[in-house]
Amino acid sequence: MKLSQFFLPTLKEVPADAQVISHRLMLRAGMIHQTSAGIYAWLPLGYRVLKKIEDIVSREQDIIGCQKVILPTLQSADLWRKSGRYDGYGKEMLRIKDRHERDLLYSPTAEEVITDIFQSHIKSYKQLPQVLYQIHWKFRDEIRPRFGVMRGREFLMKDGYSFDLDYNAAKQTYERIYESYLRTFKEMDLTAIPVKADTGPIGGDLSHEFHVMAPTGESTIYYDAAFETLPDAARTFATMSNLYAAAEEMHDVAQCPIKGEQLKSSKGIEIGHIFYFGTKYSKALGAEVMGPDGKQMTVEMGSYGIGVGRLVAAIIEAHHDDAGILWPKSVAPFDIGLLNLKQGDAAVDALAEDLYTTLRSMNVDVLYDERDERAGTKFADMDLIGLPLQVIIGAKTIKEGLFEVKIRKSGERKMLSKEELFNFIKAN
Ligand code: 5CA
């Protein structure tokens with residue numbers, strides 16, 4: 001993509017109402033545009049990151065056997081009356097009437113709809129287990145939308161729903177998804193700490209929140225330092241659910257089994273939340289299957305959320321410096337930024353253009369800055385948007401035959417021949 005043609009409305013001034021660093025950087029880097037309180041458009045750079053995150057989340061869900069669907073955002077109030085949540089959900093629910101004066105709502109979550117679909121089509125225990133998920137927009141009329149996409153009113157969520165025959169099978173599904181969440185977040189270079197949680201309006205008696213540690217998090221988490229040092233192989237439900245981690249309201253100093261330096265605390269951003277709630281919705285909506293003995297059984301359910309939009313902000317909170325964003329490679333909007341510092345010089349332009357074409361033919365996603373701008377502006381914009389690698393071309397490149405590569409995260413610079421450059425890009 002050529003930067004002169006790319007819709008990248010970067011801002012020099014920090015918007016006054018943006019309090020947290022991720023919100024400031026997302027606005028400055030032209031990733032999002034606010035259209036009303038808590039409602040954002042995702043512009044091309046932001047959408048690229050969102051899509052990468054969606055793809056990682058979907059891949060990890062698919063690996064463990066979950067199946068992707070897409071459910072309507074507008075749902076009938078009648079289903080929600082059956083579960084008793086239509087009145088209970090309160091002002092956070094956006095209620096709508098259609099032309100026939102029928103009550104609809106914009107989905108804040110989808111337990112009712114998915115349970116109703118399940119009960120219409122699945123009749124036998126032989127068809128279990130099932131885990132269905134979607135990545136789709138939700139609306140919650142949050143009383144205080146803030147911090148940009150971190151707490152929006154309309155936001156993108158991965159919501160999954162499991163159906164099992166009995167408690168033991170449901171618990172196994174819950175554990176499988178818990179472990180897959182840790183892998184999902186790790187792929188985005190995030191260390192997430194699972195904390196036993198309240199179930200709130202979703203209901204149920206077993207629940208974990210996944211928190212990323214960041215100074216701007218909305219909740220304070222106390223946790224065993226072991227969470228940070230556990231080897232990957234030990235990141236199982238069995239090991240991790242026995243380590244101490246608690247949110248401030250639960251955390252009781254006197255009762256806490258961890259003392260001294262072993263007890264750590266930090267602000268946390270909740271990027272995922274999973275719930276086991278047994279038969280709460282299946283009973284209300286009649287989701288039964290025929291069991292192995294021919295008797296009807298009410299299925300056991302759980303639901304599993306990931307804040308896909310919120311993850312973009314959380315990754316920035318965890319990966320930035322004074323100059324801008326430091327995207328982990330797996331979610332970076334482009335692989336490489338190519339900077340032409342001598343735009344208009346025929347030899348430099350030809351070299352840069354040639355490199356751009358070659359890299360694209362190698363399937364490397366390049367953002368090529370061929371604007372007629374000062375070098376300082378090009379450096380600042382490229383650092384702000386945080387692509388992992390920068391390749392810098394100028395008069396020196398022609399003279400010495402060496403390409404300058406800057407690793408955005410470490411700031412390390414290398415001078416490489418053309419062949420070394422291709423090898424370096426392939427290896428990184
Ligand atoms: N039905 C369940 C699981 S599918 C559910 O809705 N869970 S939730 O309420 O905890 O939301 C799941 C995730 O969505 C949260 O962990 C959080 O990361 C994200 N989320 C929730 N509210 C917002 C919001 N207002 N803005 C951005 N992300 C949000």
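First listed ligand is number 1; within each ligand, the first listed atom is number 1. Side-chain atoms are counted along with the backbone in the values below, which use heavy atoms only and exclude waters and symmetry mates. All of these numbers come straight from a predicted model, not from anything done at the bench.
- Of the heavy atoms in Glu142, only side-chain atoms (C-beta onward) come closer than 4.0 Å to ligand 1.
- If you look at Tyr167 and Tyr276, their ring centroids are closer than 6.0 Å.
- Residues Phe118 and Leu285 form no side-chain contact, since every pair of their non-hydrogen atoms from C-beta on lies 4.5 Å or further apart.
- Side-chain contact between Met31 and Leu43 is absent, with no heavy-atom pair separated by less than 4.5 Å.
- Neither the backbone nor the side chain of Lys138 has any atom closer than 4.0 Å to an atom of ligand 1 (non-hydrogen atoms only).
- Considering His273, Lys158, Met150, Arg153 only, the shortest heavy-atom separation from atom 10 (O) of ligand 1 involves His273.
- Applying the ring pair (Phe, Tyr, Trp, His ring centres under 6.0 Å) test to residues at least two apart or on different chains, none of the pairs has a partner in residues 282-327.
- Residue contacts with ligand 1 for Glu209 are absent, since no atom lies close enough (heavy atoms, distance under 4.0 Å).
- Heavy atoms of Val149 come nearer than 4.0 angstrom to ligand 1 in at least one pair.
- At a threshold of 4.5 Å between non-hydrogen side-chain atoms, the residues Leu367 and Leu338 do not count as touching.
- Salt bridge annotation for Arg408-Asp383: present, with a cationic side-chain nitrogen under 4.0 angstrom from a carboxylate oxygen.
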Check step by step if salt bridge (Lys or Arg N to Asp or Glu O under 4.0 Å) holds for Arg81 and Asp87.
-> CA-CA 7 Å; Arg81 291 196 176 100; Asp87 294 326; 5.9 Å; no
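- By the 3.5 Å distance cut-off applied to N or O atoms, Thr109 is counted among the residues near ligand 1.
- Close approach to Glu111 involves these atoms of ligand 1, each under 4.0 Å from a residue heavy atom: 1 (N), 2 (C).
- No side-chain heavy atom of Val299 sits less than 4.5 Å from a side-chain heavy atom of Gln119.
- With sequence neighbours left out, Arg235 forms a side-chain contact (heavy atoms from CB on, under 4.5 Å) with Leu182, Leu230, Asp232, Met240.
- Taking distance alone, with nitrogen or oxygen atoms compared against 3.5 Å, Tyr304 stays at or beyond that limit from ligand 1.
- Side-chain contact check for Pro333 versus Tyr47: every heavy-atom pair is 4.5 Å or farther apart.
- Below 4.0 Å from some heavy atom of Gly305 lie the following atoms of ligand 1, by number and element: 3 (C), 4 (S), 12 (C).
- Listed by number with element, the atoms of ligand 1 under 4.0 Å from a non-hydrogen atom of Ile271 are 16 (O), 18 (O).
- Only the side chain of Arg310 comes within 4.0 Å of ligand 1, counting heavy atoms alone; its backbone N, CA, C and O stay farther away.
- In this structure a side-chain-to-backbone donor-acceptor pair under 3.5 Å is missing from Arg153 to Gly38.
- The part of Phe275 lying near ligand 1 is the side chain, judged by heavy-atom distances below 4.0 Å.
- In terms of N/O distances under 3.5 Å, ligand 1 is not approached by Asp159.
- Of all the heavy atoms of Met157, the ones lying under 4.0 Å from any atom of ligand 1 belong exclusively to the side chain.
- Which parts of ligand 1 touch Arg140 is read off a 4.0 Å heavy-atom cut-off, strictly below it: atoms 5 (C), 6 (O), 8 (S), 9 (O), 11 (O), 21 (C), 22 (N).
- At a 4.0 Å cut-off, at least one heavy atom of Gly152 sits close enough to ligand 1 to count as contact.
- Residue contacts with ligand 1 for Ile274 are absent, since no atom lies close enough (heavy atoms, distance under 4.0 Å).
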